[in-house]
Structure formats: C-alpha cells, structure tokens
*Asks:* 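Here's a structure for you.
Everything numeric here is computed off the predicted structure, so don't read it as measured data. Excluded from the calculations below are hydrogen atoms, water molecules and symmetry mates; all remaining heavy atoms, backbone and side chain alike, are included.
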Amino acid sequence: GLSFTGNNPIAAQIKNVTLTTGVDTITGKVGSDVITGQTGGVGATLTSLDSIDGGAGADSLTINDLDVLGTGIPAGVTIKNIETINLSSAGVAKIDTSTTALTGLTTLNILTSTGADNIIAGAGQAVTVFDTAGKVTLSGGSTQTVTTSGGVALDKATGAITVTDIAQGAAVTTINDGTTVTLTNTGTISGGGTTGTITVGGVTKPSGAVAITQNLTGDATYAAAVT
C-alpha cells in the first residue's frame with residue numbers, strides 16, 4: 001500500500017467538487033478530478049454561467065438530470081478539459097456535446113434514461129447509451145453503443161455502431177454511417193403483432209460489415225433491409 005507523512009500527495013492532485021446553485025468557476029488539478037452537478041428539478045447546480053476546466057488528468061463530470069423531459073447542458077455553461085461526461089436522467093436523456101462551449105470531451109455515457117432520448121455528440125466522442133424504454137436518436141460521435149427498448153435512429157458516427165434492442169415493437173429503426181454495424185434484437189413478437197422495421201444504410205451506407213441478429217421468441221421477425 002501507499003504510505004506518506006503530512007498531507008496526502010495523491011489527494012493534493014485530485015479535486016472532487018459538487019457544484020452549487022450559484023455561479024461556479026472550477027479549475028481542476030493534475031489528477032483525475034470528479035465534478036458532480038444537477039440539472040432540472042429544485043436546486044439545480046449545473047447552471048448558466050458555470051465555468052468548468054478540468055485541467056490535466058482524466059477528468060469526469062457527472063450530471064444528474066431530474067427533469068423527465070431532459071434538460072441538457074444549460075446555455076452559458078463552459079466546459080473544457082473534461083474527458084468524460086456521465087449523465088443519469090430521471091426520464092429522457094437530452095444532451096448536445098458538439099457545441100463550441102464544450103471542448104476536450106472523449107467519452108459520453110448515458111448511464112440511465114427512459115423515453116425518447118435525443119443526443120448529439122461531437123467529433124471523436126465515444127458514446128454509450130442505456131435507455132430502458134424508448135427510441136434513441138443519436139447523431140455524431142466516434143463509436144456508438146446503444147442498449148434500448150424501442151428502436152434507434154443513429155447516424156454520423158465515424159466508428160463502430162453496436163445496438164442491442166430488447167423490445168423494438170412497432171418502432172422504425174434506422175442506422176446510417178459508421179464503420180461496422182452490429183444490431184441484436186431480442187424479445188417476443190408474433191405474426192401481425194408488430195410493424196417494426198430495420199433499415200441500415202438507407203441514406204449513407206456504413207463502410208464496414210453489417211450484422212443483424214434477431215434472437216426473438218415468437219413466430220415473426222422484424223423486416224430488415226441493408227442497402
């Protein structure tokens with residue numbers, strides 16, 4: 001284990017910050033800083049005019065969104081040198097990390113959400129989404145990894161796209177762009193019980209291989225087209 005005398009030298013390199021309801025100006029240390037804020041609901045702490053600079057290190061911002069309709073990052077917030085954003089939403093996940101007010105981000109994780117997510121990611125950002133019940137609309141980023149129940153509309157990824165849909169139902173799934181595409185559908189459907197469809201490359205073809213697997217219980221499958 002580690003041993004030292006006096007002040008903890010590791011703690012001196014890491015900043016753990018919980019944002020306040022006022023205007024926050026945060027400058028990180030050289031270690032892996034962890035910053036936590038709330039949007040939506042009473043007592044929101046990630047608010048307009050907040051300025052967050054993670055500095056050196058692999059820094060993260062945790063956002064807890066209490067608005068079931070999705071708040072996103074408020075206008076006027078400046079974020080830089082934060083490598084990872086972890087968003088947990090009480091409902092819909094709504095976030096745009098492609099703006100010039102946010103620089104240095106490499107990973108966007110939607111840890112929890114439910115409903116019709118709407119996500120825009122910037123170049124070079126690896127995006128992971130977990131939605132318990134709703135269609136995920138995601139545009140941009142490098143890789144896109146989505147687990148949902150209700151279809152997807154994905155485009156403008158520059159890397160691999162991976163989707164697991166446990167109950168697409170009548171949703172229309174569309175996937176464009178990216179390199180390789182791997183889509184796995186699970187759940188139960190029966191003939192006439194769904195109008196759900198899957199289209200890959202309808203607008204812009206992926207550059208790599210496309211694999212669609214339907215591990216379904218019942219007597220029907222989703223109509224799938226790869227162009």
*Asks:* Tell me whether Leu138 is reachable from Val210 by hopping between hydrophobic residues (I, L, V, M, F, W, Y) whose side-chain heavy atoms are closer than 4.5 Å.
*Replies:* yes
*Asks:* If I compare all heavy atoms of Leu111 with all of Ser88, which pair ends up nearest, and what's the gap?
*Replies:* CB-OG, 3.7 Å
*Asks:* Report the distance from atom CG of Asp96 to atom CG of Asn118, rounding to the nearest 0.5 Å.
*Replies:* 9.0 Å
*Asks:* Ignoring hydrogens, what is the shortest heavy-atom contact between Ser32 and Ala58? Give both atom names and the distance.
*Replies:* CB-O, 3.2 Å
*Asks:* Give a yes or no on whether the backbone of Gly202 and the side-chain of Asn176 come within a donor-acceptor separation of less than 3.5 Å.
*Replies:* yes
*Asks:* How long is the span from the CG atom in Asp177 to the OG1 atom in Thr204, to the nearest 0.5 Å?
*Replies:* 4.5 Å
*Asks:* How long is the straight-line distance from NZ of Lys205 back to CD1 of Ile175, given to the nearest 0.5 Å?
*Replies:* 16.0 Å
*Asks:* The criterion is side chain to side chain donor-acceptor pair (under 3.5 Å); which residues satisfy it with Thr182, sequence neighbours excluded?
*Replies:* none
*Asks:* Out of curiosity, Thr18 OG1 to Ile26 CD1, how far, rounded to the nearest 0.5 Å?
*Replies:* 9.5 Å
*Asks:* Starting from Leu183, can I reach Phe130 by hopping between I/L/V/M/F/W/Y residues whose side chains sit under 4.5 Å apart?
*Replies:* no
*Asks:* According to the salt bridge (Lys or Arg N to Asp or Glu O under 4.0 Å) rule, which pairs have a member within residues 59-74, sequence neighbours left out?
*Replies:* none
*Asks:* Before you tell me yes or no, could you show the steps for Leu61 and Ile79 under side chain to side chain contact (heavy atoms under 4.5 Å, CB included), namely the whole-Å CA-CA distance, both residues' side-chain angles and the distance that decides it to 0.1 Å?
*Replies:* CA-CA 9 Å; Leu61 171 62; Ile79 300 171; 3.7 Å; yes
*Asks:* Do we see a donor-acceptor contact under 3.5 Å between the side chains of Asn185 and Gln214?
*Replies:* no
*Asks:* With sequence neighbours excluded, give me every side-chain hydrogen bond (donor to acceptor under 3.5 Å, both in side chains) pair touching residues 43-54.
*Replies:* Asp53-Asn81
*Asks:* Quick one: do Ile198 and Ile212 satisfy side chain to side chain contact (heavy atoms under 4.5 Å, CB included)? Show the steps, please.
*Replies:* CA-CA 9 Å; Ile198 300 166; Ile212 299 175; 4.1 Å; yes
*Asks:* Consider side-chain contact (heavy atoms from CB on, under 4.5 Å). Of Leu46, Thr71, Leu66, which one does Gln38 pass it with?
*Replies:* Leu66
*Asks:* I need the minimum non-hydrogen distance between Gly28 and Asp33, along with the two atoms involved.
*Replies:* CA-OD2, 3.1 Å
*Asks:* Honestly curious: do Ile73 and Ile120 fall in one hydrophobic cluster under the side-chain, below-4.5 Å linking rule?
*Replies:* no
*Asks:* Treating Ile, Leu, Val, Met, Phe, Trp and Tyr as nodes and any side-chain heavy-atom pair under 4.5 angstrom as an edge, say whether Ile35 and Leu102 lie in one connected cluster.
*Replies:* yes
*Asks:* Below 3.5 Å, can you tabulate the donor-acceptor pairs from side chains in residues 147-164 to any protein atom, sequence neighbours excluded?
*Replies:*
unit_1, atom_1, unit_2, atom_2, d
Thr148, OG1, Gly134, O, 2.6
Asp155, OD1, Ser139, OG, 2.7

*Asks:* Test your reading of the model: is there a side-chain donor-acceptor pair from Gln168 to the backbone of Thr197, 3.5 Å cut-off?
*Replies:* yes
*Asks:* Check the pair Ile82, Thr84 against side chain to side chain contact (heavy atoms under 4.5 Å, CB included), reporting the backbone distance first and the verdict last.
*Replies:* CA-CA 6 Å; Ile82 294 291; Thr84 301; 5.7 Å; no
*Asks:* Is there a side-chain contact between Val92 and Ser113 (heavy atoms, below 4.5 Å)?
*Replies:* no
*Asks:* Under the salt bridge (Lys or Arg N to Asp or Glu O under 4.0 Å) definition, can you give me all pairs with a residue in residues 113-124, not counting sequence neighbours?
*Replies:* none
*Asks:* How far apart are the closest heavy atoms of Gly201 and Pro206, and which atoms are they?
*Replies:* CA-CD, 4.0 Å
*Asks:* Tell me the side-chain hydrogen bond (donor to acceptor under 3.5 Å, both in side chains) pairs involving residues 120-138, sequence neighbours left out?
*Replies:* Thr97-Gln125, Thr114-Thr132
*Asks:* Look up atom OG in Ser98 and atom CD1 in Ile119, then write down how far apart they are to the nearest 0.5 Å.
*Replies:* 12.5 Å
*Asks:* Are Val77 and Leu19 linked, directly or through other ILVMFWY residues, by side chains that come within less than 4.5 angstrom of each other?
*Replies:* yes
*Asks:* Tell me which one of Asn64, Val17, Asn86 satisfies side-chain contact (heavy atoms from CB on, under 4.5 Å) with Thr36.
*Replies:* Asn64
*Asks:* Are any non-hydrogen side-chain atoms of Leu87 and Asn109 less than 4.5 angstrom apart?
*Replies:* no
*Asks:* Which is it for Thr184 and Asp165 under the side chain to side chain contact (heavy atoms under 4.5 Å, CB included) test, yes or no, and what are the steps along the way?
*Replies:* CA-CA 6 Å; Thr184 303; Asp165 194 335; over 6 Å; no
